[in-house]
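Worksheet: the structure to be examined is printed underneath.
Owing to the predicted nature of the structure, the values given are computational and were not obtained by experimental measurement.
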Amino acid sequence: MQFGIFSVSDVTTDPTTGRTPDDTERVRDMLTIARHADEAGLDVFATGEHHNPPFVASSPTTMLGYLAGVTKQITLSTATTLITTNDPVRLAEEYAMLQVISGGRMDLMMGRGNTGPVYPWFGQDIRNGIPLAVENYALLRRLWTEDVVDWEGKFRTPLQGFTSTPRPLDGVPPFVWHGSIRSPEIAEQAAYYGDGFLHNNIFWPVHHTRQMVRYYRQRFEHYGHGRADQAIVGLGGQAFMRKRSQDAWDEFRPYFDNAPVYGHGPSMEDFTQQTPLTVGSPQQVIDRYASFVDEVGYYQRQLFLVDHAGLPLKTVLEQIDLLAGEVVPELRKIVEAKRPADDVPLNPPSHAQRVATARAAGEVVATHVGDTADPYTGTVAEGTRPAASQEARA
């Protein structure tokens, strides 16, 4: 299983000092957090996408492109890519470019977001949220898998003889997750294409998460992509840790009570009981998150929100060290021991695995700078690109 962190990029006043970082400081702190996660040995860093205060992550590919050059191992992802309000042509170009720059060390999660006003800001109607997600993603896939696209739909101007550039690395598009917390239509979409499904359940009880994941697994099997237990699943999470549980509660309480996303609502006691938020010792986080595999089946990615609610940078880096040093090694052993069969994917598919699968199926031909090329020097191993109008299904 992969373990990592995600950021919603909120700019929030520290309730213990009254200090509020400006946008520049918050962006730079996110870069520091991502680099620290890489150095600590976590598997994934993911950023959300927002276009309104108090959030700063308006350009995920800019941030992730920079991080591709200054990190070594970590997978770079989005916690949300707005499939409804972004032009799929632009998404095809930007994420193929990120794929090339990172050498395939990336993926992305499609979502509709949680900010209603974003729709008119980008010329769309929120009442079309689900149809936009379905149509835009169908076009995005074609732009990645066909060299020349003729297309006409409901929500954008037609395309005639259009080629998106750059072409996906080695002819294989990035791996895509579909994120939803309450819409079975999005779980259905993920299952239809055989993509991953991430339930960011940070505000939801486990029984709701279990229902959504079960539905996705059933539909994944229905569409012939494999058994239900072979579907690619991810979950969200939140934790705040100190060596002593009471110290964690005392330190985090003012941040919880004043956080814009859940402050002044349920008590921290109620919230930690009803959602995955775990405040306490590293062992308590291990015990809590080890139980989720029993609820939803073996899953491939667990992300934690650790940098929100005005927490100072020093504290966030300490949380990453506790997560990477004490929680993840033990949690990984416990969870992976529960994997039901060797043919259930251990992790989400890597770029190299997807290239190998596509080649074995004869779905990529011709040669170009390949999957083992250094993205900065251009040193070439073997690579491929798709034939015109041929979909590379991995």
For [X] versus [Y], what's the shortest heavy-atom pair and its separation?
| X | Y | answer |
| --- | --- | --- |
| Val172 | Ala358 | CG2-CB, 4.0 Å |
| Lys338 | Ala290 | NZ-O, 3.2 Å |
| Gly104 | His351 | O-CB, 3.6 Å |

Taking the side chain as C-beta and beyond, is there a heavy-atom pair between [X] and [Y] under 4.5 Å?
| X | Y | value |
| --- | --- | --- |
| Gln99 | Pro168 | yes |
| Pro312 | Asp14 | yes |
| Val233 | Leu198 | no |
| Thr71 | Leu76 | yes |
| Phe256 | Pro254 | no |
| Val11 | Asp23 | yes |

Supply the atom-to-atom distance [X] [atom1] to [Y] [atom2], rounded to the nearest 0.5 angstrom.
| X | Y | atom1 | atom2 | answer |
| --- | --- | --- | --- | --- |
| Phe304 | Gln302 | CZ | CD | 4.5 Å |
| Ser77 | Phe175 | OG | CZ | 10.0 Å |
| Phe240 | Thr272 | CZ | OG1 | 14.0 Å |
| Ile320 | Thr315 | CD1 | OG1 | 11.5 Å |
| Lys333 | Met1 | NZ | CE | 15.5 Å |
| Phe55 | Arg26 | CZ | CZ | 10.0 Å |

Note: [X]-[Y] ion pair, threshold 4.0 Å (strictly below):
| X | Y | result |
| --- | --- | --- |
| Glu318 | Arg242 | yes |
| Arg301 | Asp107 | yes |
| Glu336 | Arg339 | no |
| Arg332 | Asp43 | yes |
| Asp247 | Arg244 | yes |
| Asp38 | Lys72 | no |
| Arg354 | Glu363 | no |
| Arg217 | Glu221 | no |

Short side-chain donor-acceptor distance under 3.5 Å, [Y] and [X]:
| X | Y | value |
| --- | --- | --- |
| Thr78 | Tyr95 | no |
| Ser350 | Arg105 | no |
| Asp195 | His178 | yes |
| Gln283 | Asp287 | yes |
| Glu188 | Tyr216 | no |
| His208 | Asn201 | no |
| Arg112 | Thr85 | no |

Quiz item: Aromatic ring centroids of His225 and Phe220 under 6.0 Å?
Solution: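 Ring centroids of His225 and Phe220 are less than 6.0 Å from each other.
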Practice problem: State yes or no: are the ring centers of Phe6 and Phe45 separated by less than 6.0 Å? | Solution: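 Centroid separation for Phe6 and Phe45: 6.0 Å or greater.
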Taking the side chain from [X] and the backbone from [Y], do they hold a donor-acceptor pair closer than 3.5 Å?
| X | Y | result |
| --- | --- | --- |
| Gln319 | Met241 | yes |
| Glu94 | Leu91 | no |
| Gln300 | Pro345 | yes |
| Asp10 | Thr12 | no |

Exercise. On the 0 to 90° scale, with breaks at 30° and 60°, tag the Phe197-His199 ring pair as parallel, tilted or perpendicular.
Key: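 Because their plane-to-plane angle lies in the 30° to 60° range, the rings of Phe197 and His199 count as tilted.
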Quiz prompt | Whether Phe271 and Phe203 hold their rings parallel, tilted or perpendicular, with breakpoints at 30° and 60° | solution =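 Aromatic pair Phe271/Phe203 classed perpendicular.
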Quiz item: Between Met110 and Tyr137, is a side chain to side chain contact (heavy atoms under 4.5 Å, CB included) present by the stated rule, with each step listed?
Solution: CA-CA 9 Å; Met110 300 297 179; Tyr137 184 60; 4.3 Å; yes
Self-check item: CA sep, side-chain torsions, deciding dist, call: Leu305, Asp307, side chain to side chain contact (heavy atoms under 4.5 Å, CB included)
Solution: CA-CA 6 Å; Leu305 177 61; Asp307 73 329; 3.7 Å; yes
Atom [atom1] of [X]: over 12 foreign heavy atoms under 6.0 Å:
| X | atom1 | result |
| --- | --- | --- |
| Tyr192 | OH | no |
| Lys243 | NZ | no |
| Arg28 | CZ | no |

Quiz prompt | Test log, rule side chain to side chain donor-acceptor pair (under 3.5 Å), inputs Asp270 and Gln274 | solution = CA-CA 6 Å; Asp270 288 343; Gln274 297 172 19; 4.7 Å; no
Assigning hydrophobic clusters by single linkage (Ile, Leu, Val, Met, Phe, Trp, Tyr; side-chain heavy-atom cutoff under 4.5 Å), is [X] placed with [Y]?
| X | Y | answer |
| --- | --- | --- |
| Trp177 | Leu235 | yes |
| Val335 | Ile232 | yes |
| Leu108 | Leu139 | no |
| Leu311 | Val327 | yes |
| Val89 | Leu132 | no |

Practice problem: Show your reasoning for whether side chain to side chain donor-acceptor pair (under 3.5 Å) applies to Thr278 and Gln284. | Solution: CA-CA 8 Å; Thr278 305; Gln284 287 174 301; over 6 Å; no
Self-check item: Counterpart residues, salt bridge (charged side-chain N to carboxylate O under 4.0 Å, His left out), relative to Glu25 (two or more places apart)
Solution: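 Scan of Glu25 (salt bridge (charged side-chain N to carboxylate O under 4.0 Å, His left out), adjacent residues dropped) gives Arg19.
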Exercise. For His51, enumerate each residue passing the ring pair (Phe, Tyr, Trp, His ring centres under 6.0 Å) test, keeping only those at least two apart in sequence or located in another chain.
Key: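 Once residues adjacent in sequence are excluded, the partners of His51 under the ring pair (Phe, Tyr, Trp, His ring centres under 6.0 Å) criterion are Phe122.
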Quiz item: Going through the checks in order, is the side chain to side chain contact (heavy atoms under 4.5 Å, CB included) test met by Trp144 and Val176?
Solution: CA-CA 12 Å; Trp144 275 339; Val176 170; 3.9 Å; yes
Could you pull out all donor-acceptor pairs under 3.5 Å where a side-chain atom in residues 57-64 meets a protein atom, sequence neighbours excluded?
residue: Ser59; atom: OG; partner: Thr62; partner atom: OG1; Å: 2.5

Exercise. Quick one: do Tyr299 and Phe292 satisfy side chain to side chain contact (heavy atoms under 4.5 Å, CB included)? Show the steps, please.
Key: CA-CA 9 Å; Tyr299 60 105; Phe292 291 151; 3.7 Å; yes
Quiz prompt | Full working for side chain to side chain donor-acceptor pair (under 3.5 Å) between His36 and Asp321 | solution = CA-CA 9 Å; His36 193 77; Asp321 288 338; 2.8 Å; yes
